[in-house]
Amino acid sequence: MPLNDPHPASALLVTTTVLPAPSADPRASIGFSGGQVVGSVIAAVAACTALLWSAGLHIDPFARSNIPYYAILATAPLLRLWCLRDGRRWSLVLAQVIEYYTLFMALALIGAVSSYPIAAMSQGFADAGLQRVDELLQFDWLAWYRLVAAHRALQLLGIAAYQSIFLTPALLLGWFALIGQRREAHRFLAAFAIAAVLTLTIYSQMPAVGPFSYLWHGPIPYMPVSELWQPDLIPALRDHSLTLVDVGQLRGLVSAPSFHAASATLYIAAAQRCGPLRWWLTAIPCAMLLSTPVEGTHYLIDLILGAGVALVAWFFATLLVRWRVRTALVGR
């Protein structure tokens with residue numbers, strides 16, 4: 001655009017066409033109300049706190065590892081408010097991004113912390129039963145592990161795919177903010193929260209150390225990303241030799257159902273509403289699923305249960321969003 005352009009409207013055209021046009025569907029911008037979102041988060045924090053208290057665990061509020069979370073909690077609402085007051089299209093998009101990312105981070109953190117008291121109050125290990133189901137499914141975890149351990153390229157690809165559990169939702173939620181799909185963003189976040197609750201509920205009845213700890217004996221040729229935390233952490237939580245939960249050092253304790261598998265299934269479902277990004281946002285979670293048996297040290301039945309949990313969560317999240325849209329339209 002020339003610096004001496006006498007038509008200011010052309011400058012507006014340039015700035016407004018940089019971002020994709022928002023959805024024309026009036027229902028697309030309808031999500032849960034601010035009160036409903038805040039109330040749900042408060043309820044989740046209260047439930048997590050109750051679980052910690054019941055298990056005799058606690059979090060040190062003054063630990064240095066809490067600083068990043070305090071910083072986000074302090075700055076995110078202020079930045080979002082500034083964006084809303086600014087009112088320009090990119091500012092409104094940024095406000096939505098901040099809201100969605102903060103909610104996702106809160107849900108993931110609450111779920112991870114809650115897994116500790118649930119593990120502490122659990123009993124026994126379900127590995128023998130899970131392995132028997134894998135044998136019926138003719139899934140050989142040891143053969144899968146040996147294949148990955150023998151090829152560095154598979155290890156690097158598996159690590160990247162497994163750790164994409166946070167990349168994919170960032171892309172999904174960013175796209176929903178960009179095109180004004182608040183309904184889809186809230187459906188995804190609600191499904192993620194429901195899946196976390198279902199996963200933790202089932203996990204309380206079938207804690208396991210995972211196939212790496214249960215099946216592999218001898219020198220370790222390749223250490224997966226999730227390492228061998230369950231055999232040490234779960235007994236320490238149960239006998240109360242570990243009572244402090246460090247949010248900066250949270251480790252994956254859940255074996256069945258696999259929350260990576262549940263997340264991947266939710267990502268694939270949400271990706272179908274992402275237009276030109278659909279294929280990329282489908283391929284990445286599929287790669288994550290393939291990496292999960294080794295990098296997450298999961299039985300195949302863990303993945304199947306995780307996918308089932310996600311489908312149930314998506315169903316109920318869809319019902320909740322439809323109810324919210326109907327009530328919002330009636331109130332207009």
Are [Y] and [X] connected into the same hydrophobic cluster when the rule is that any two of I, L, V, M, F, W, Y join if their side-chain heavy atoms are below 4.5 Å apart?
| X | Y | answer |
| --- | --- | --- |
| Leu142 | Ile220 | yes |
| Phe315 | Leu198 | yes |
| Leu157 | Leu147 | no |
| Ile179 | Trp280 | no |
| Tyr100 | Phe166 | yes |

Gap separating the [atom1] atom of [X] from the [atom2] atom of [Y], nearest 0.5 angstrom:
| X | Y | atom1 | atom2 | value |
| --- | --- | --- | --- | --- |
| Leu200 | Leu51 | CG | CG | 8.5 Å |
| Leu57 | Leu242 | CG | CG | 7.0 Å |
| Ser204 | Gln123 | OG | CD | 11.0 Å |
| Glu99 | Leu94 | CD | CG | 12.0 Å |
| Tyr267 | Cys286 | OH | SG | 13.5 Å |
| Leu320 | Ile194 | CG | CD1 | 5.0 Å |

Would you find a donor on one side and an acceptor on the other, under 3.5 Å apart, between the side chain of [X] and the backbone of [Y]?
| X | Y | answer |
| --- | --- | --- |
| Arg238 | Ala120 | no |
| Ser291 | Met288 | yes |
| Thr327 | Arg324 | yes |
| Ser33 | Gln36 | yes |
| Asp127 | Val209 | yes |
| Trp229 | Leu253 | no |
| His298 | Leu303 | no |
| Tyr116 | Val245 | no |
| Tyr162 | His260 | no |
| Asp60 | Asp246 | no |

inquiry  = Please evaluate residues Ile268 and Gln272 with respect to the criterion side chain to side chain contact (heavy atoms under 4.5 Å, CB included), reporting the C-alpha separation (whole Å), side-chain torsions for both, the decisive distance (0.1 Å), and the verdict.
reply    = CA-CA 7 Å; Ile268 292 170; Gln272 307 316 304; 3.9 Å; yes
Quick one: are [X] and [Y] in side-chain contact, heavy atoms under 4.5 Å?
| X | Y | result |
| --- | --- | --- |
| Tyr214 | Tyr299 | yes |
| Leu228 | Met223 | yes |
| Ile304 | Leu137 | yes |
| Leu189 | Leu173 | yes |
| Trp175 | Pro276 | yes |
| Thr201 | Val197 | yes |
| Arg80 | Pro77 | no |

Measure across [X] and [Y] and return the closest heavy-atom pair with its distance rounded to 0.1 Å.
| X | Y | result |
| --- | --- | --- |
| Pro211 | Trp141 | CG-NE1, 3.4 Å |
| Pro224 | Phe212 | CD-CE2, 3.3 Å |
| Gln96 | Ala177 | CB-CB, 3.7 Å |
| Pro169 | Ser164 | CD-O, 4.2 Å |
| Thr282 | Arg278 | OG1-O, 2.8 Å |
| Tyr222 | Glu295 | OH-OE2, 2.7 Å |

ask   = Taking atom types as modelled and ignoring hydrogens, do the side chains of Ser122 and Gln205 form a donor-acceptor contact shorter than 3.5 angstrom?
value =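 On atom types as modelled, these side chains do not qualify, holding no pair under 3.5 Å.
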query = Is there a donor in the side chain of Arg273 and an acceptor in the side chain of Gln181, or the other way round, less than 3.5 Å apart?
reply =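 Side-chain D/A pair, Arg273 to Gln181: absent.
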ask   = Between Glu135 and Arg132, is the closest basic N to carboxylate O distance under 4.0 Å?
value =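 No, Arg132 and Glu135 are not salt-bridged.
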inquiry  = Please determine whether a side-chain nitrogen of the Lys or Arg among Glu184 and Arg27 lies less than 4.0 Å from a carboxylate oxygen of the Asp or Glu.
reply    =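 Salt bridge flag = no for Arg27 with Glu184.
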query = Given the side-chain rings of Tyr145 and Trp216, with only the six-membered ring counted for Trp, is the space between their centroids under 6.0 Å?
reply =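 Yes, the ring centres sit under 6.0 Å apart.
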task = Give a yes or no on whether the ring-centroid distance for Phe188 and Trp314 is below 6.0 angstrom.
result =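 No; Trp314 has its ring centre 6.0 Å or more from that of Phe188.
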request  = Let me see the working for Ile301 and Phe139 under side chain to side chain contact (heavy atoms under 4.5 Å, CB included), right down to the final yes or no.
outcome  = CA-CA 9 Å; Ile301 186 59; Phe139 179 75; over 6 Å; no
task = Please check if atom NE2 in His58 has more than 12 non-hydrogen atoms from other residues, nucleotides or ligands closer than 6.0 Å.
result =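 Enclosed.
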request  = For Arg322, look at atom CZ and say whether over 12 heavy atoms of other residues, nucleotides or ligands are found less than 6.0 Å away.
outcome  =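 For Arg322, atom CZ is not crowded (no more than 12 foreign heavy atoms under 6.0 Å).
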ask   = Can you check side-chain hydrogen bond (donor to acceptor under 3.5 Å, both in side chains) on Gln230 and Thr297, steps first, answer last?
value = CA-CA 10 Å; Gln230 291 99 326; Thr297 65; 4.6 Å; no
Ser258/Asp302 under side-chain hydrogen bond (donor to acceptor under 3.5 Å, both in side chains): CA gap, chis, key distance, verdict = CA-CA 5 Å; Ser258 164; Asp302 296 351; over 6 Å; no
key: Aromatic ring pairing Trp82/Trp90, orientation class (parallel under 30°, perpendicular over 60°, tilted between)   =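 If you compare the ring of Trp82 with that of Trp90, the planes turn out tilted.
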request  = Establish, yes or no, whether the cationic atom of Arg64 lies under 6.0 Å from the six-membered ring centre of Tyr70 and within 45° of the ring axis.
outcome  =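 No - Arg64 does not lie over the ring of Tyr70 by the 6.0 Å and 45° rule.
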ask   = Do Ile30 and Arg182 pass the side chain to side chain contact (heavy atoms under 4.5 Å, CB included) test, and can you show the C-alpha distance, the side-chain angles, and the key distance before you say yes or no?
value = CA-CA 6 Å; Ile30 299 176; Arg182 185 175 184 82; over 6 Å; no
Sole candidate of Phe176, Phe192, Phe32, Trp323 that passes ring pair (Phe, Tyr, Trp, His ring centres under 6.0 Å) when paired with His186 =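 Exactly one candidate clears the test, Phe32.
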message = By the definition side chain to side chain contact (heavy atoms under 4.5 Å, CB included), identify the one residue from Val225, Leu154, Val148 that meets it with Val294.
response =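 Per the side chain to side chain contact (heavy atoms under 4.5 Å, CB included) rule, the option paired with Val294 is Val148, out of Val225, Leu154, Val148.
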inquiry  = With side chain to side chain contact (heavy atoms under 4.5 Å, CB included) as the test, pick out the partner of Thr168 among Leu172, Ile165, Leu171.
reply    =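 When Leu172, Ile165, Leu171 are each tested with Thr168, the side chain to side chain contact (heavy atoms under 4.5 Å, CB included) holds only for Leu172.
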inquiry  = Run Ser29 and Arg183 through side-chain hydrogen bond (donor to acceptor under 3.5 Å, both in side chains) and show every step you take.
reply    = CA-CA 6 Å; Ser29 61; Arg183 176 187 59 190; over 6 Å; no
task = Assess whether side chain to side chain contact (heavy atoms under 4.5 Å, CB included) is satisfied between Val41 and Leu107, documenting all intermediate values.
result = CA-CA 8 Å; Val41 172; Leu107 292 174; 5.6 Å; no
